[in-house]
Amino acid sequence: MHRIKNMKHPHALYTIIGIIVIAIFVALSMKDTVYRWYQMAAQDIVQDLQTLQVVFNNINKSCVITGFDNEKNQINFLTVATFAGSQVGSMNVENPAAWQGPYMQENLTAQGKEYQIVHAKDGYFIIPGDGVILPTHKVMGKDISINGTVAVQPLLTTELMYKGKPLAVQLHIGRDNVVESSVGVEIPEELEG
């Protein structure tokens, strides 16, 4: 009888070893998955920012953007086809008749949060919305808070940089920037209105 009890212990040891091996495999797989998620998030943010920069450059070229209502402005108005007056969303334009919207089928988001245009100390910038977890593990609006007293340019080489790619882009608006802002990449067809 004593012999039978001793025979059960090796099976328990193998079970424990098996569970440990599986746990290590799962942990390594999750680490790889999380790493890939951050890589994909970074690529998506960079691509969205470039697309938004081109869209706003085109809007400035045709309509001349004169400013925005708030220090932080959600970009949720690019799907608008027509509007009355000189304001669409929180954006003010000089020549509303030249609006060629909708500029997008859907508003771009990162992690379900709309991108924003912020008026920082050193100009207007397009940034991911508050609550977005950047690939640098910092949270927009919590770890990185941008307002009118913050200079964004220095952040583009530190907190708003991931593997050599900026996670924010400057937006040049106004009549003085019409020629400069008209240079850019075309909007991909699937994003056009």
Side-chain angles (χ1 to χ4, degrees), residues 26-27 29-60 65 67-81 83 87-93 101-173 181 184-185 187-188 190-193:
V26 168
S29 295
M30 287 178 65
K31 180 183 176 194
D32 184 57
T33 300
V34 169
Y35 175 76
R36 288 176 194 243
W37 180 83
Y38 280 114
Q39 291 291 93
M40 294 292 286
Q43 290 172 357
D44 290 344
I45 289 171
V46 168
Q47 182 179 3
D48 287 352
L49 290 171
Q50 290 172 346
T51 299
L52 288 169
Q53 188 176 38
V54 169
V55 167
F56 281 101
N57 286 345
N58 289 338
I59 292 170
N60 194 59
I65 301 169
F68 295 86
D69 285 349
N70 307 302
E71 201 169 67
K72 283 187 176 182
N73 304 275
Q74 292 183 326
I75 302 174
N76 56 10
F77 49 84
L78 296 176
T79 57
V80 173
F83 61 95
Q87 183 173 4
V88 56
S90 59
M91 181 175 67
N92 298 296
V93 295
Y103 289 88
M104 300 199 156
Q105 298 294 333
E106 293 181 12
N107 291 306
L108 296 178
T109 61
Q111 301 165 18
K113 294 168 179 61
E114 295 168 334
Y115 287 89
Q116 311 178 81
I117 294 175
V118 294
H119 189 191
K121 185 177 182 179
D122 50 351
Y124 286 99
F125 289 84
I126 303 171
I127 62 171
D130 287 346
V132 172
I133 302 168
L134 299 176
T136 59
H137 306 284
K138 297 197 181 217
V139 180
M140 291 300 298
K142 181 180 174 191
D143 300 319
I144 301 173
S145 187
I146 298 172
N147 57 40
T149 63
V150 175
V152 175
Q153 284 293 344
L155 296 176
L156 292 175
T157 59
T158 57
E159 285 93 349
L160 290 174
M161 175 71 71
Y162 182 72
K163 294 197 174 189
K165 299 199 183 280
L167 300 175
V169 293
Q170 190 157 19
L171 181 60
H172 300 284
I173 65 169
S181 70
V185 186
I187 302 170
E190 64 271 10
L191 296 176
E192 284 187 331

- Message: Between Q53 and Q170 (side chain of the first, backbone of the second, donor and acceptor by atom type, cut-off under 3.5 Å), is there such a pair?
- Response: yes

- Query: Going from CG on L156 to CE on M161, what distance comes out if it is rounded to the nearest 0.5 angstrom?
  - Reply: 6.5 Å

- Message: Evaluate N107 against Q74 for side-chain hydrogen bond (donor to acceptor under 3.5 Å, both in side chains), listing each step before the verdict.
- Response: CA-CA 10 Å; N107 291 306; Q74 292 183 326; over 6 Å; no

- Is there side-chain contact between I59 and L78, with heavy atoms separated by less than 4.5 Å? yes

- Message: So which atom in I127 and which in M140 form the shortest heavy-atom distance, rounded to 0.1 Å?
- Response: CD1-CE, 3.6 Å

- Whether over 12 other heavy atoms sit under 6.0 Å from K113 NZ: yes

- Task: Give a yes or no answer on whether the side chain of D48 reaches the backbone of L108 with a donor-acceptor pair at less than 3.5 Å.
- Result: no

- Sub-4.5 Å side-chain heavy-atom contact between T149 and K121: no

- Item | Atom pair CG (N57) and CD1 (I65), whose distance is rounded to the nearest 0.5 Å | 8.0 Å

- Task: May I ask you to decide if V152's main-chain N or O and D122's side chain share a donor-acceptor pair within less than 3.5 Å?
- Result: yes

- Message: Quick one, T51 and Y115 - any side-chain contact, counting heavy atoms below 4.5 Å?
- Response: no

- Message: Could you report the tightest heavy-atom contact between P128 and I45, atom names first, then the distance?
- Response: CG-CG2, 4.0 Å

- Task: Return the minimal non-hydrogen interatomic distance between A168 and L49, and the atom names on each side.
- Result: N-CD1, 3.4 Å

- Is the backbone N or O of F56 less than 3.5 Å from a side-chain atom of N60, with the two atoms forming a donor-acceptor pair by type? no

- Task: Could you check if a side-chain atom of V46 sits within less than 4.5 angstrom of a side-chain atom of L167, using non-hydrogen atoms only?
- Result: yes

- Message: Less than 4.5 Å apart, side chain to side chain, heavy atoms only: is that true for M91 and N73?
- Response: no

- Any side-chain heavy atom of K72 sitting closer than 4.5 Å to one from V118? yes

- Note on the structure: dist F68:CZ -> Q116:CD (nearest 0.5 Å) comes out at 12.0 Å

- Item | Minimum-distance pair of heavy atoms, taken over all atoms of Y162 and A42 | CD2-CB, 3.4 Å

- Quick one: closest heavy-atom pair of E114 and N76, and the distance? OE2-CB, 3.2 Å

- Item | Straight-line distance of L155 CG to I146 CD1, nearest 0.5 Å | 6.0 Å

- Query: A120 and F125: which non-hydrogen atoms are nearest, and at how many Å?
  - Reply: CB-CD1, 4.2 Å

- Do L134 and L160 touch side chain to side chain, with heavy atoms closer than 4.5 Å? yes

- Query: Taking atom CG of L52 and atom CG of L171, what is their separation to the nearest 0.5 Å?
  - Reply: 9.5 Å

